[in-house]
Structures are given as C-alpha cells and as structure tokens.
Amino acid sequence: MKKLLIPFCLLALLLCGMSGAAWAAYPDKPLSMVVTYPPGGATDFQARIVTTMSSDEKFFGQPIVIINKPGAGGRVGWNWFAEKAANDGYWLSTYNAPHFIAQSLVYKESKFSLDSFEPVATWGADPAVLIVPKDSPFNTLKDLVDYAKANPGKVTVNGAGLYVGHHIAMLQLAKAANIKLTYVPEQGGTPAMQSVMGGKVMAGFNNLADAYRNRETVNILAIADLQRHPFIEDVPTFMEQGVDVDNSSVNYRGIFLPKGADPAVIAKCEKAFLEMFNNKKVKELMGQSGSPMFVLDRQQTGELFAKVKKNLETLLKDIKK
C-alpha cells in the first residue's frame, strides 16, 4: 500500500501544477460580458468603450463579447448571471448600483444579493437628470412642480425600470416637492429616452450621459447630484432649486464576476480592467460621449456596495412612508 502513495502524491502535484499553469494562461479564449440593459443605452455604450482595448496583450489579449440580457430594470440579466453563469472567469457582468442592490432589497423575484457576486472594478458614476421634450411647456423645474401640484398624478415621468436610480430620483422628487407623479417604467434607458423625445411621457429621469448625447432633442431641467457637472455646467442641481433630491440615485457602473471565481482570476481581471479604465484613449472616448468616469478598485467597489446598501435600506423605508 505504501508504494501506491508515491504515484498519488506525484499525481496530486502534477494536477496542482497544471491548475496553476492553466490560470497563468488565463484567458486563452474570448470572454463574455452580460449587459443587463438594451443596446445603445449608457451602460451598453460605455461597456463597449471601456472594453474596446481588451484584445491588446497588455490587458487580456482576448476580445470581450457583449451579451445583452435586458428586462425588469436589469433584474432579468442579473438573475440569469447569479443562477447560470459559470464561475470559470469567462463570464463577467456589468453592474449598476443602486439598481441591483435596490432590487435585491425590494423584490422576492430577485435571485441575487450582494453575496452573489465578486466585485472587480468600477469605471463610472452617472447622475440622474430630469429631462423633458424640446417643445415641453416646462422650461424649469418650478414649472413642472407647479403644474404637478395643480394637477395631481397627471404628470407622467419615465425611467429605465422599477427601483433603478431613475425611479429612486423620481420618488425623492415627489416626496421632497410634495407632489404626486405617475411613474412609467421602461425596459432600459434607450426606450425611456425615445419615449421622452416622442412626447409619450411629459418628463423622464435618465442618465446624464444619455441626455448629453441627446441634448439637441431634450431639455435638462435638473441634475440629481450634490454639485453641477462639467458636461452640463448650465444645469443646476435639484438642491440649488430648493428641492431636496441628493445623489442617492447616481448610477455607478462597473464589473463583477460570479461568486466563487478563482482568486487568481479576480486579481487578473481587476488589474486588467483598472489599466483599461485609466487608458488615455478610453478616457478620451468616454469624455467625448459625455460619460463621467469614476474609477475604483475591487476593495473600493466592495465598500461602495456596502455604503449604497446601507443608504438604500434607510432611503427606501423612508420613501415608502
């Protein structure tokens, strides 16, 4: 029996060596990245920019293929990712916070929580903005609020889904201004923008980046952040206009892996993504599209998730009252 121990030990060492070599070679084929919103919206648009250089040997040496799985404000895609995505390092997903965190708190149908994913890195922070069609009678936030007070429930306001940043900003506005609004959830930021441009709704909350790219066809009345933004310096914050809507709805975007991914893969992904996010060409493309960057590493992203969750637990409870 003792003689058999030697081959087994050698086999174990060999397998460990093979495993280490396999992870050292990672990735040796294209990676797939789930985007939980439709093509053309800010998340999809930005994900394609920040991964455009992934084939460069300095980063992954492999392309990243975007796979759109939209629906229910992102919940369809995140449910799929949490339940079905392999944790072999070849499946990644974009995240949107507060979106996925709020949905995990509100919906029993959510198959995910903070514990379902491994944070990797963050590339941006996109504030919500209140927009109206170019021909809207509302030229200011005050115009909209005054009309809503005189006509409770008649002002229709859309966004990219339920309990996404847009919905949270709308709930904050309604509470802060003491008005009743009718929220229209869409299947993502792109259809939401199209509905505003087409006059199907009276107003909408959307991403700063999307509004910036469509500023010839919509007017931006206010920004849900603590300060004005350099891309739209002429647009005041809600607070500047006397309405207590803070930055709780700011849409943070980045990358996570399924829970259980190998630590060596997580580390390699973090390094590659941070280098891509900080690449001069990527920054230029993001700036040209009005897409705000806000780069965080794995630890900082995890801390962000915890902070957003804590804030949402209080905010959602308060809003529901």
Counting C-beta onward and ignoring hydrogens, is there a side-chain heavy-atom pair between [X] and [Y] closer than 4.5 Å?
X: Val155; Y: Asn151; value: no
X: Ser110; Y: Arg75; value: yes
X: Leu285; Y: Lys281; value: yes
X: Phe277; Y: Val282; value: no

Going from CG on Asn219 to NZ on Lys134, what distance comes out if it is rounded to the nearest 0.5 angstrom?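 Rounded to the nearest 0.5 Å, the CG-NZ separation comes to 4.0 Å.
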Measuring from atom OG of Ser291 to atom CD1 of Ile49, what distance do you get when rounded to the nearest 0.5 angstrom?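 Between Ser291 OG and Ile49 CD1, I get 5.0 Å after rounding to 0.5 Å.
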Please answer: with hydrophobic residues joined when any side-chain heavy atoms are less than 4.5 Å apart, are [X] and [Y] in the same cluster?
X: Met53; Y: Val50; result: yes
X: Val129; Y: Val145; result: no
X: Val245; Y: Ile223; result: no
X: Leu221; Y: Met193; result: no

The single option from Asp210, Asn96, Asn207, Thr94 passing side-chain hydrogen bond (donor to acceptor under 3.5 Å, both in side chains) against Thr43: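 When side-chain hydrogen bond (donor to acceptor under 3.5 Å, both in side chains) is applied between Thr43 and each of Asp210, Asn96, Asn207, Thr94, only Asn96 qualifies.
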Can you check whether Pro191's main-chain N or O pairs, donor with acceptor, with Asn158's side chain at less than 3.5 Å?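 Not a single qualifying donor-acceptor pair exists.
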On the ring face of Tyr90, is Lys29 found with NZ or CZ under 6.0 Å from the centre and within 45° of the axis?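 Geometry flag: set, cation within 6.0 Å and 45°.
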Atom NZ of Lys142: over 12 foreign heavy atoms under 6.0 Å: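 Count not over threshold, so no.
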Are there over 12 heavy-atom neighbours, none belonging to Lys259, within less than 6.0 Å of that residue's NZ?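 Yes, enclosed.
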May I have the step-by-step check of side-chain hydrogen bond (donor to acceptor under 3.5 Å, both in side chains) for Trp78 and Gln103, ending in yes or no? CA-CA 10 Å; Trp78 289 316; Gln103 291 174 11; over 6 Å; no
Which of parallel (below 30°), tilted (30 to 60°) and perpendicular (above 60°) describes [X] and [Y]?
X: Tyr252; Y: Phe294; result: tilted
X: Tyr212; Y: Phe231; result: tilted
X: Phe112; Y: Phe100; result: tilted

For side-chain hydrogen bond (donor to acceptor under 3.5 Å, both in side chains), just list the numbers for Gln299 and Glu303, CA-CA rounded to whole Å, side-chain angles, deciding distance to a tenth of an Å, and then say yes or no. CA-CA 6 Å; Gln299 180 177 335; Glu303 291 170 353; 3.2 Å; yes
Gln172 vs Ser249, side-chain hydrogen bond (donor to acceptor under 3.5 Å, both in side chains): CA-CA, chis, key distance, verdict: CA-CA 9 Å; Gln172 283 191 298; Ser249 60; 4.7 Å; no
For the ring pair Phe117 and Tyr95, is the centre-to-centre distance below 6.0 Å?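 No: the rings miss the under 6.0 Å criterion.
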